[in-house]
Student: 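Sharing a structure here in structure tokens format.
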Amino acid sequence: MSIWEYANPVKFIKTTDRLMPYMAVGAVVCLVSGLVWGFFFTPDDYRQGSTVKIIYLHVPAALMAINAWLMMLVASLVWIVRRHHVSALAARAAAPIGAVMTIIALATGAIWGQPMWGTWWVWDPRLTSFLILFLFYLGYMALWEAIENDDTAADLTSILCLVGSVFAVLSRYAVLFWNQGLHQGASLSLDKEEHVHDVYSNPLYVCIAGFILLFIALVFLRTQTEIRARRARALIARERLV
């Protein structure tokens, strides 16, 4: 078997139909258990108090916002090289999900930052690059909607995805590139001094797993929807020619 077999829309739909229930159930179990564990069974931080518990929404959402764009990058490269329509439609399907994750990360970051920094927003390198990433998400979705021909739209959005990937990387590593800024370093790190205590990191890992499973399930569902919508557009266009 080859991974390229799943570029066949019928095989993709059949396979994802079998996987989606497991992904959805796993996402619900991980999210419910992780959030309940994190919000109700972890202590307040000695500096940040109970506000530290927003980490269980902020960090997974920020992680998925960046990785959703990187997934779109991979799918766009597959489209450019192999011209598989499923990959282009998967990238299109992931964009609204990534945009929502970015909004969640920006909103929870503002709520977390206000009591810590005394302001809802600062032009910190990481925050600024994250805001630009969100604008790229909006531009990507708008470009898909603005072009009628699916193949042309896939070509142009793939190029846009390549450019936007710079800001996806900056959003992840801005703290390492620039020393200035209020945003703290990575919550999960190999450096023991920066890594959060296990009492916080263990439920955080569960929440991250839940967000990943939720993202996969939603991408599968939305990609199926995009495949069916593309078929419907093709049928309508064919009928007009008759």
Student: Just verifying a value: how many Å separate His58 NE2 and Cys207 SG, rounded to the nearest 0.5 Å?
Tutor: 13.5 Å
Student: How far does CE of Met101 sit from CG of Leu63, to the nearest 0.5 angstrom?
Tutor: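 Taking CE in Met101 and CG in Leu63, the distance rounds to 10.0 Å.
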Student: For a quick test of reading the model, state the closest non-hydrogen atom pair linking Thr223 to Phe12 and the distance between them.
Tutor: CG2-CE2, 3.5 Å
Student: Out of curiosity, Thr225 OG1 to Arg230 CZ, how far, rounded to the nearest 0.5 Å?
Tutor: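 Thr225 atom OG1 to Arg230 atom CZ measures 15.0 Å (nearest 0.5 Å).
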Student: Where is the tightest heavy-atom contact between Leu213 and Cys30, given as atom of each residue plus distance?
Tutor: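 Closest heavy-atom pair between Leu213 and Cys30: CD1-SG, 4.2 Å.
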Student: How far apart are the closest heavy atoms of Ile55 and Pro60, and which atoms are they?
Tutor: O-CD, 3.3 Å
Student: Given side-chain contact (heavy atoms from CB on, under 4.5 Å), test Asp17 with Gln224 step by step and report yes or no.
Tutor: CA-CA 9 Å; Asp17 270 339; Gln224 288 187 3; 3.1 Å; yes
Student: Linking I/L/V/M/F/W/Y whenever their side-chain heavy atoms sit closer than 4.5 Å, directly or via other members, would Phe39 and Ile54 fall into one cluster?
Tutor: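 In one cluster with Phe39: Ile54, yes.
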Student: Looking at every heavy atom in both Tyr140 and Ser76, which two are closest together, and how far apart are they?
Tutor: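 The pair with the smallest heavy-atom distance is OH-OG, 4.5 Å.
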Student: Examine distances only and state if a side-chain atom of Tyr137 and a backbone atom of Trp69 form a donor-acceptor pair shorter than 3.5 Å.
Tutor: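 Yes, Tyr137 side chain to Trp69 backbone: donor-acceptor pair under 3.5 Å.
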Student: Quick one, Asn67 with Leu70, criterion side-chain contact (heavy atoms from CB on, under 4.5 Å). Give me CA distance, side-chain angles, the key distance, then yes/no.
Tutor: CA-CA 5 Å; Asn67 287 322; Leu70 296 180; 3.8 Å; yes
Student: Tell me whether Leu57 shares a hydrophobic cluster with Val28, the cluster being built from Ile, Leu, Val, Met, Phe, Trp, Tyr side chains joined at under 4.5 Å.
Tutor: yes
Student: In terms of hydrophobic clusters joined by side-chain contacts under 4.5 Å, are Val29 and Phe215 together?
Tutor: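 Different clusters: Val29 never reaches Phe215 through Ile, Leu, Val, Met, Phe, Trp or Tyr contacts under 4.5 Å.
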Student: Restricting to pairs with a member in residues 75-85, which pass salt bridge (charged side-chain N to carboxylate O under 4.0 Å, His left out), not counting sequence neighbours?
Tutor: Arg83-Asp155
Student: Between Val100 and Phe134, is there a shared hydrophobic cluster once you connect ILVMFWY residues whose side-chain heavy atoms come closer than 4.5 Å?
Tutor: no
Student: For Ala94 versus Met72, what's the shortest heavy-atom pair and its separation?
Tutor: CB-CG, 3.8 Å
Student: How far apart are the closest heavy atoms of Thr102 and Ala65, and which atoms are they?
Tutor: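 Here Thr102 and Ala65 meet closest at OG1-CB, 3.3 Å.
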Student: Rounded to the nearest 0.5 Å, how far does OG of Ser165 lie from CG of Leu160?
Tutor: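 Result: 9.0 Å between the selected atoms.
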Student: Looking at CG of Leu89 and CG of Asp150, how far apart are the two atoms once the value is rounded to the nearest 0.5 Å?
Tutor: 7.0 Å
Student: Step by step, would you call Lys53 with Asp44 a side-chain contact (heavy atoms from CB on, under 4.5 Å)?
Tutor: CA-CA 8 Å; Lys53 297 183 180 183; Asp44 292 347; 3.6 Å; yes
Student: Quick one: sort the Trp79 and His85 rings into parallel, tilted or perpendicular, breaks at 30° and 60°.
Tutor: tilted
Student: Please check if the side chain of Tyr200 supplies one atom and the backbone of Gly38 the other of a donor-acceptor pair under 3.5 Å.
Tutor: no
Student: Using the salt bridge (charged side-chain N to carboxylate O under 4.0 Å, His left out) rule, collect all pairs that involve residues 88-103, keeping only residues at least two apart or in two chains.
Tutor: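 Every salt bridge (charged side-chain N to carboxylate O under 4.0 Å, His left out) pair that includes a residue of residues 88-103, provided the two are not neighbours, is Arg92-Glu145, Arg92-Glu226.
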Student: Indicate yes or no: at least one non-hydrogen side-chain atom of Met23 is less than 4.5 angstrom from one of Thr16.
Tutor: no
Student: Donor-acceptor pair, Thr108 side chain versus Ala105 backbone, under 3.5 Å?
Tutor: yes
Student: Can you tell if the side chain of Leu106 reaches within under 4.5 Å of the side chain of Trp121, non-hydrogen atoms only?
Tutor: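 When only atoms from C-beta onward are counted, Trp121 and Leu106 do touch, with a gap below 4.5 Å.
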Student: Enter the distance from Leu143:CG to Leu138:CG here, rounded to the nearest 0.5 Å.
Tutor: 12.5 Å
Student: Under the criterion side-chain contact (heavy atoms from CB on, under 4.5 Å), I'd like the reasoning laid out for Tyr56 against Val36: C-alpha separation, chi angles, the key distance, then a yes or no.
Tutor: CA-CA 10 Å; Tyr56 302 112; Val36 170; over 6 Å; no
Student: Are Val52 and Thr42 packed together at the side-chain level, in the sense that at least one heavy-atom pair is separated by less than 4.5 angstrom?
Tutor: no
Student: Any link between Trp37 and Phe40 through a network of hydrophobic side chains (Ile, Leu, Val, Met, Phe, Trp, Tyr) touching at under 4.5 Å?
Tutor: yes
